[in-house]
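Below is one structure, written out as structure tokens; comments come after it.
So that the names make sense, note that chain A is the first sequence line, chain B the second, and so on, each numbered from 1.
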There are 2 protein chains.
Amino acid sequence: MKGPCSQHTHRHRLIQPSLTDLTAQLRRNSRKITASRQAILNVLRRHQHPLTNREIHAALAGFECDLATVYRNLNTLEEMGMVRRFDFGDGVARFELLTEGDDGHHHHLVCTRCSTVVEIEDCFPAELEAALAARHGFTQISHKLEFFGVCPECRVQKLA
Amino acid sequence: MKGPCSQHTHRHRLIQPSLTDLTAQLRRNSRKITASRQAILNVLRRHQHPLTNREIHAALAGFECDLATVYRNLNTLEEMGMVRRFDFGDGVARFELLTEGDDGHHHHLVCTRCSTVVEIEDCFPAELEAALAARHGFTQISHKLEFFGVCPECRVQKLA
DNA sequence: TTCTCTGCAAACGCTTTGCATTTCA
DNA sequence: TGAAATGCAAAGCGTTTGCAGAGAA
């Protein structure tokens, strides 16, 4: 978790919400369609891997806004379910855009050398989770799961 | 993640390292056996669920030391492999004492209402993890996994 | 004595917040 | 017009660090 984030590679999901959908969703929640929000949403649409507030702020093209505004908007967008927050354990929140109807539940494989992020299709087996919940009498169970390792490029670099 | 941590319940693991082992381990790493370290280790031995730096500091009995010293010592103990750091995603580090030879790899089930923590025996299936690593060409793979839900007590409280 | 540790206070990084002003509906 | 959003600056919070003095080996 050290390299600059511009080097992230990422397997993109196929569906990208259109900007129209996004603004419609904003309207439905009686939130205003401001220039900063449009700019933030555009950044998230372009880079579909987890971005920090600072990265989003730096990537704003054309329209600039205060970093505090980025923080505020991402919290708002998360509340509205338009964005999902991820935590890679380094004390910095990261966000990905969601498509409507998609809860965005998935996991990542993060390179501990260069911070490359790969989106993962695997998940903790649902039947195991259900059994675990039942065993301890817990309800409304969920989980956070992220994988870490050394990516192919970094492994080669070390050998060289 | 809101209740006070004194209410944590926890399934204790059977093996508890003796204080003698701990000081021996310190000596081996040519670290000094100071009063604050002994007090911290005693706190960790008494409460065998994940504790924050602040909680450890508050639980110090008899010997008091600076909060910064607690932070420094837990980092040192982690480097030495005597303690394992956990991250429940609330921005606060938590620590558990390890027994020698045990890497402490396990997971938790945390109540989102009262913060009760249950130690979990389940883990992400190793063969799935290996396949995942191979699929993406990653090596030295590891994972972070924590479960969240509503504990039996809190569910009952809500119904009442 | 020497190297490590500690207390204290200050700094750091991420994030939130109060307030006056601007902007969207 | 009125509610929501923004910029700016300050504060909050967990954590780290610089430095001089204290303590273990």
Side-chain angles (χ1 to χ4, degrees), chain A residues 1-2 4-5 19 22-41 43 50-60 62-80 82-83 85-95 115, chain B residues 1-2 4-5 19 22-41 43 50-60 62-80 82-83 85-95 115:
Chain A
M1 205 67 71
K2 22 188 161 130
C5 284
L19 239 197
L22 296 174
T23 55
Q25 209 168 336
L26 277 170
R27 253 193 218 96
R28 231 171 296 141
N29 288 59
S30 65
R31 325 294 314 219
K32 299 182 175 173
I33 296 146
T34 62
S36 55
R37 261 173 206 163
Q38 287 178 309
I40 289 169
L41 289 172
V43 169
L51 293 179
T52 66
N53 282 285
R54 197 167 294 276
E55 286 165 352
I56 293 166
H57 182 247
L60 290 175
F63 188 84
E64 312 273 310
C65 73
D66 196 86
L67 182 57
T69 299
V70 176
Y71 274 95
R72 275 192 276 232
N73 277 328
L74 281 155
N75 288 341
T76 304
L77 293 170
E78 188 193 15
E79 279 170 26
M80 294 171 53
M82 296 182 61
V83 134
R85 181 189 301 259
F86 289 95
D87 169 25
F88 291 172
D90 62 349
V92 194
R94 276 158 233 267
F95 298 89
S115 298
Chain B
M1 205 66 66
K2 23 189 161 133
C5 284
L19 240 198
L22 296 174
T23 54
Q25 210 167 335
L26 276 171
R27 251 190 221 101
R28 232 171 295 143
N29 289 59
S30 65
R31 328 285 326 209
K32 299 186 173 169
I33 297 146
T34 62
S36 54
R37 263 174 205 162
Q38 286 180 309
I40 289 169
L41 289 171
V43 170
L51 294 179
T52 67
N53 283 285
R54 195 168 296 276
E55 286 165 353
I56 294 167
H57 183 246
L60 290 174
F63 186 85
E64 312 272 312
C65 73
D66 197 83
L67 181 57
T69 298
V70 176
Y71 274 95
R72 275 193 276 234
N73 277 329
L74 281 155
N75 287 342
T76 304
L77 292 170
E78 189 194 15
E79 279 168 28
M80 292 171 52
M82 295 183 62
V83 134
R85 181 189 301 259
F86 289 95
D87 169 25
F88 291 173
D90 62 349
V92 194
R94 277 158 230 268
F95 298 88
S115 298

Taking T69(B) for the side chain and C65(B) for the main chain, is one N or O donor matched with an acceptor at less than 3.5 Å? no
Closest non-hydrogen atoms of P50(A) and E55(A), given as atom of the first, atom of the second and distance, are O-OE1, 4.1 Å
Under 3.5 Å: donor-acceptor pair, side chain of R37(A), backbone of K32(A): yes
Rounded off to whole Å, could you give me the CG-to-C1' distance for the L67(A) and dT15(C) pair? 9 Å
Could you tell me how far apart N53(A) (CG) and dG13(C) (P) are, to the nearest whole angstrom? 16 Å
Kindly give the heavy-atom pair with the smallest separation between I40(A) and L60(A), and that separation in Å. N-CD2, 3.8 Å
Backbone N/O of G89(A) and side chain of D87(A): donor-acceptor pair under 3.5 Å: yes
Mind listing the residues from residues 70-78 of chain B sitting with a heavy atom below 4.0 Å of DNA chain D? Number order is fine. Y71(B), R72(B), N75(B)
Could you tell me from which nucleotide to which nucleotide of DNA chain D, 5' to 3', there is an atom under 4.0 Å from chain B heavy atoms? dG14(D) to dA25(D)
Determine, for nucleotides 20-25 of chain C in 5'-to-3' order, which nucleotides have protein heavy atoms under 4.0 Å from the base (write B), from only the sugar-phosphate (write S), or from neither (write -). ---BBS
Just wondering, do D66(B) and Y71(B) contact through their side chains at under 4.5 Å, heavy atoms? no
Side chain to side chain contact (heavy atoms under 4.5 Å, CB included) evaluation trace for T52(A) with I56(A): CA-CA 6 Å; T52(A) 66; I56(A) 293 166; over 6 Å; no
So do F63(A) and Q38(A) actually touch side chain to side chain, heavy atoms under 4.5 Å? no
Using the closest heavy atom to pick a nucleotide of DNA chain C for each, name whichever of S30(B) or A68(B) lands nearer the 5' end. S30(B)
Contact between L26(B) and L41(B) at the side-chain level, heavy atoms closer than 4.5 Å - yes or no? yes
Any idea which heavy atoms bring T23(B) and I33(B) closest together, and the distance? O-CD1, 3.9 Å
Whole-Å gap separating P (dC14(C)) and NE2 (H57(A)): 14 Å
Between atom CZ in R85(A) and atom C1' in dC14(C), what is the gap in whole Å? 11 Å
Where is the tightest heavy-atom contact between E78(A) and R85(A), given as atom of each residue plus distance? OE1-NH2, 2.8 Å
